[in-house]
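Scroll down for the structure; my scribbles are underneath it.
None of these values were measured; they are calculated from a predicted model. Every chain is numbered from 1, with letters handed out A, B, ... down the list of sequences.
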Amino acid sequence: MNNIFDQIREQLFKVVKGAFFACEKKGSLPGIQIDDILIEVPRERDFGDFSTNIAMQVSKQAKMPPRKTAELLVSEFDFSGTYIERAEVAGPGFLNFYLKKDWLYESLHIIQEKQDKYGEVDLGKGIKVNVEFVSANPTGPLHMGNARGGALGDCLASVLSKAGYDVTKEFYINDAGNQIEKFGISLEARYLQIVLGEDKVEFPEDGYHGEDIIEHAKAYYEKNGDILLEKSPEERRKILVDYALPINIKKIRETLEAYGITYDVWFSEKTLHESGAVKKTIDFLTEKGYTVEKDDAIWLNGEKLGLEKDEVLVRNNGIATYMAADIAYHYNKFITRGFDWAIDLWGADHHGHVARMKAAMEPFGVKKDRLEVVLFQLVRLYRNGELARMSKRTGKAISLEDLLEEVGRDAARFFFNLKTSGSHLDFDLDLAVKQSNDNPVFYVQYAHARICSLLRKLKEEGVEPKPVEAVNLTLLKENEEIELIRKLSEYPEEIGLAAKTLEPSRLTRYVMDVAAHFHSFYNACRVKGEDEDLMMARIILVDCTRIVIKNILELIKIDAPEKM
RNA sequence: GUGCCAGUAGCUCAGCAGGAUAGAGCAACGGACUUCUAAUCCGUCGGUCGGGUGUUCGAAUCAUCUCUGGCACGCCA
């Protein structure tokens, strides 16, 4: 048994169900089918270690007030072979359970045994899941939306792995379609401006105005001169795109790597067009009657799919839209590659696309819930208490690269994973670089460094830690010790919840909580210099804390320093 | 206009398969280092959970109306 909570839940369920059965036998309660009970950790410690509201839930069926039901149940409880010490009826009818401390000591045994595997749960049962995130437009540098999506997606993938899913991390390269056309036109205009003079060539209004386009054109010109002048515009653009796009993609890859993100798959949109996959998906939809033709374009039949309106799949110029490519892409994920589940992380500005994509997969026999879209709200940067739009260094919109340079990878990843994806995020640049007590990154890292330093010092003084079997853990009974153990025991639960809710951010908050409990313990209890047996027990506790903190920091890919 | 997301302490945010007295960090104020890292800890202050109505034993949580902010409604992605 790896998860102490599962063990306890099972015990409590058995006890409660047994009591219902006993009451039914005696005739004090009618027969009630109990399939599951909700076990909670009460907010107040006075309310016991665990509680359940089952007596309130069944009050109608029991035909008596919840408190009365609860009292009947309590009188029939059989705690033999469980961690439970006693139970009480409280408030409107809660059943509060008080456990022997053994379960907490048991969880320390589990941590010591599992080491860096502690926290793993088998929620996913090996299900194949594809997590696609960032998938930035390769026509320019990564922005703050990509930064948040990157941190969230990467951590979500880690959480799901730890929760027993078979995870593939994927980046979808939008190397086809309209924006690539625009990219080519923009590059061409800048190139011609260099060759012919800036005033001779007008820059298209809807082109990419960024500095990086000029730099690409300049670099190409310096290498190759004016050889493109004699080419046709189509050829010129293609050559320039073929030149600049790989550079951009390489740059994106490098920036993401510096950010701690590596992918299993880089999937090119272009290959979907070239292989005929896009055409095949559209043909399939047409065969099944899911498309309509009007105004020389092919549309997805919105009415038939329960959508508000039709969506263009093929424009009247014969070019497929991103929507068509997206359908082919998800067909590839679900059918061609056989993923059971696909999770896409999109900026909230794409929310209109969610219902369409889910609906568009149904004709292929892919149920809506196999595609999950995590939307995240946009990011606002603050500097000196004011909205910061521009980079200090370049004077342009702040890119992920700028951010990494300004605050570093640890702070960036930590801050982007602090809030739930659905809430707007205000990123305080000053706080992120502050090396002080109000910076949560340092707070957690400091706890880890403190532990390592303590363990190091003990070793230097010749103290040899004992294996957990040889240690009397029952000596750990100070309030700070008990609360710290309790917190550590929750880790597998936290992984499960983070996976279920697709909110890796709760782990960031959890690790802060662990650090806080450790610091409290540290200030209340000494390790070094205590009586041998107590010292050994505390060393185990401290080491378990180290294991959990390190585990989470590795999971969210933040440095866990041994010295600070 | 329609739809989606958000509105909780001065600030940034948790809590939202309905549950017991609504939490944390920061800020403010007051304490704790002869002893394992004070980048820490302990305490105090701080709330009409945007507002109304409803559902029920019970609502920050569910329903509905309304106000405010963000976003989306394109042969862009």
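- Summarising the base pairing, rU34(B) is matched to no nucleotide, lacking a Watson-Crick or G-U wobble pair whose two defining distances lie under 3.5 Å.
- Note on D426(A): only backbone sugar-phosphate atoms sit closer than 4.0 angstrom, heavy atoms only; bases stay farther off.
- Atom OH in Y382(A) sits about 8 Å away from atom P in rU12(B), given to the nearest Å.
- The neighbour count for K68(A) NZ, taken as heavy atoms of other residues, nucleotides or ligands under 6.0 Å away, does not exceed 12.
- Counting any heavy atom pair closer than 4.0 Å across all strands shown, D36(A) reaches no nucleic acid atom.
- Separating the C1' atom of rC11(B) from that of rU64(B) is a span of 32 Å, rounded to the nearest Å.
- rG10(B) is paired with rC26(B) under the criterion used here, namely a Watson-Crick or G-U wobble arrangement in which both key atom distances are under 3.5 Å.
- Residue S520(A) is in sugar-phosphate contact alone, with no base atom involved, counting any heavy-atom pair closer than 4.0 Å across all strands shown.
- Atom CG of L300(A) sits about 10.5 Å away from atom NZ of K309(A), to the nearest 0.5 Å.
- Using a 4.5 Å heavy-atom cutoff, the side chains of I558(A) and N417(A) are not in contact.
- On the C1' atoms, rG50(B) is 16 Å away from rU61(B), given to the nearest whole Å.
- Atoms NZ (K419(A)) and P (rA14(B)) sit 7 Å apart, rounded to a whole Å.
- Base pairing analysis places rG46(B) opposite nothing; no Watson-Crick or G-U wobble pair with both distances below 3.5 Å involves it.
- The CG atom of D49(A) sits 13.5 Å away from the CZ atom of F47(A) when rounded to the nearest 0.5 Å.
- Across the P atoms, rC57(B) and rG43(B) are found 40 Å apart, a figure rounded to whole Å.
- Here F47(A) counts as stacked on rA20(B): its ring centre is under 5.5 angstrom from the base ring centre and the planes meet at under 30°.
- For the P atoms, the distance linking rG51(B) with rG7(B) amounts to 12 Å, nearest Å.
- Of all nucleotides present, none satisfies the Watson-Crick or G-U wobble test against rG58(B) with each distance under 3.5 Å.
- Across all strands shown, nothing is found opposite rA20(B) as a Watson-Crick or G-U wobble partner with both distances under 3.5 Å.
- Between N523(A) atom CG and rA38(B) atom P the separation is 7 Å, expressed in whole Å.
- Figure legend: cation-pi geometry between R450(A) and Y522(A), with NZ or CZ positioned under 6.0 Å from the six-membered ring centre and within 45° of its axis.
- Taking the C1' atoms as reference points, rG3(B) lies 33 Å from rG19(B), given to the whole Å.
- Residue S51(A) is in base contact, counting any heavy-atom pair closer than 4.0 Å across all strands shown.
- With RNA chain B read from its 5' end, the first of the two nearest nucleotides for L375(A) and R450(A) is the one closest to L375(A).
- Look at CD on Q57(A): it is 9 Å from C1' on rG18(B), rounded to the nearest Å.
- At least one side-chain nitrogen or oxygen of S423(A) sits closer than 4.0 Å to the OP1 or OP2 atom of rA14(B).
- Cation-pi contact between R148(A) and F416(A): absent, since separation from the ring centre below 6.0 Å together with deviation from the ring axis within 45° is not met.
- The pair K182(A)-D206(A) fails the salt-bridge criterion, with no side-chain N (NZ, NE, NH1 or NH2) lying under 4.0 Å from an Asp/Glu carboxylate O.
- Separating the C1' atom of rC4(B) from that of rC41(B) is a span of 44 Å, rounded to the nearest Å.
- A donor-acceptor pair shorter than 3.5 Å can be found between the side chains of S421(A) and E503(A).
- When rounded to the nearest whole Å, the span between CG of L454(A) and P of rU35(B) equals 15 Å.
- Atom CG of L455(A) is separated from atom NZ of K457(A) by 12.0 Å, given to the nearest 0.5 angstrom.
- One C1' atom belongs to rA59(B), the other to rC42(B), and the distance between them is 35 Å to the nearest Å.
- Side chain to side chain, N130(A) and E132(A) fail the donor-acceptor criterion of an N or O pair below 3.5 Å.
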Apply the test ring-ring contact (aromatic ring centres under 6.0 Å, His included) to residues F442(A) and F414(A): give CA-CA distance (whole Å), side-chain angles for both, the deciding distance (0.1 Å), then the verdict.
CA-CA 10 Å; F442(A) 285 92; F414(A) 198 94; 10.0 Å; no
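- Residue whose closest nucleotide on RNA chain B sits further toward the 5' end, between K60(A) and R43(A): R43(A).
- F521(A) places its CZ atom 14 Å from the P atom of rC42(B), with the value rounded to the nearest Å.
- Of all nucleotides present, only rA72(B) satisfies the Watson-Crick or G-U wobble test against rU2(B), with each distance under 3.5 Å.
- Between I37(A) atom CD1 and rG19(B) atom P there is a gap of 16 Å when expressed in whole angstrom units.
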Where along nucleotides 70-77 of chain B does protein come under 4.0 Å, by heavy atom, of base (B) or sugar-phosphate alone (S), with - for untouched nucleotides?
SBSS-BSB
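- Taken residue by residue, residues 525-540 of chain A places heavy atoms nearer than 4.0 Å to RNA chain B at C525(A), R526(A), V527(A), K528(A).
- A449(A) comes within 4.0 angstrom of a nucleotide base, judged by non-hydrogen atoms across all strands.
- Under the 4.0 Å criterion applied to side-chain N and carboxylate O atoms, D326(A) and R356(A) are not assigned as salt-bridge partners.
- Atoms CZ (F94(A)) and P (rC57(B)) sit 15 Å apart, rounded to a whole Å.
- When the C1' atom is used for both rC33(B) and rG47(B), the distance is 36 Å, rounded to whole Å.
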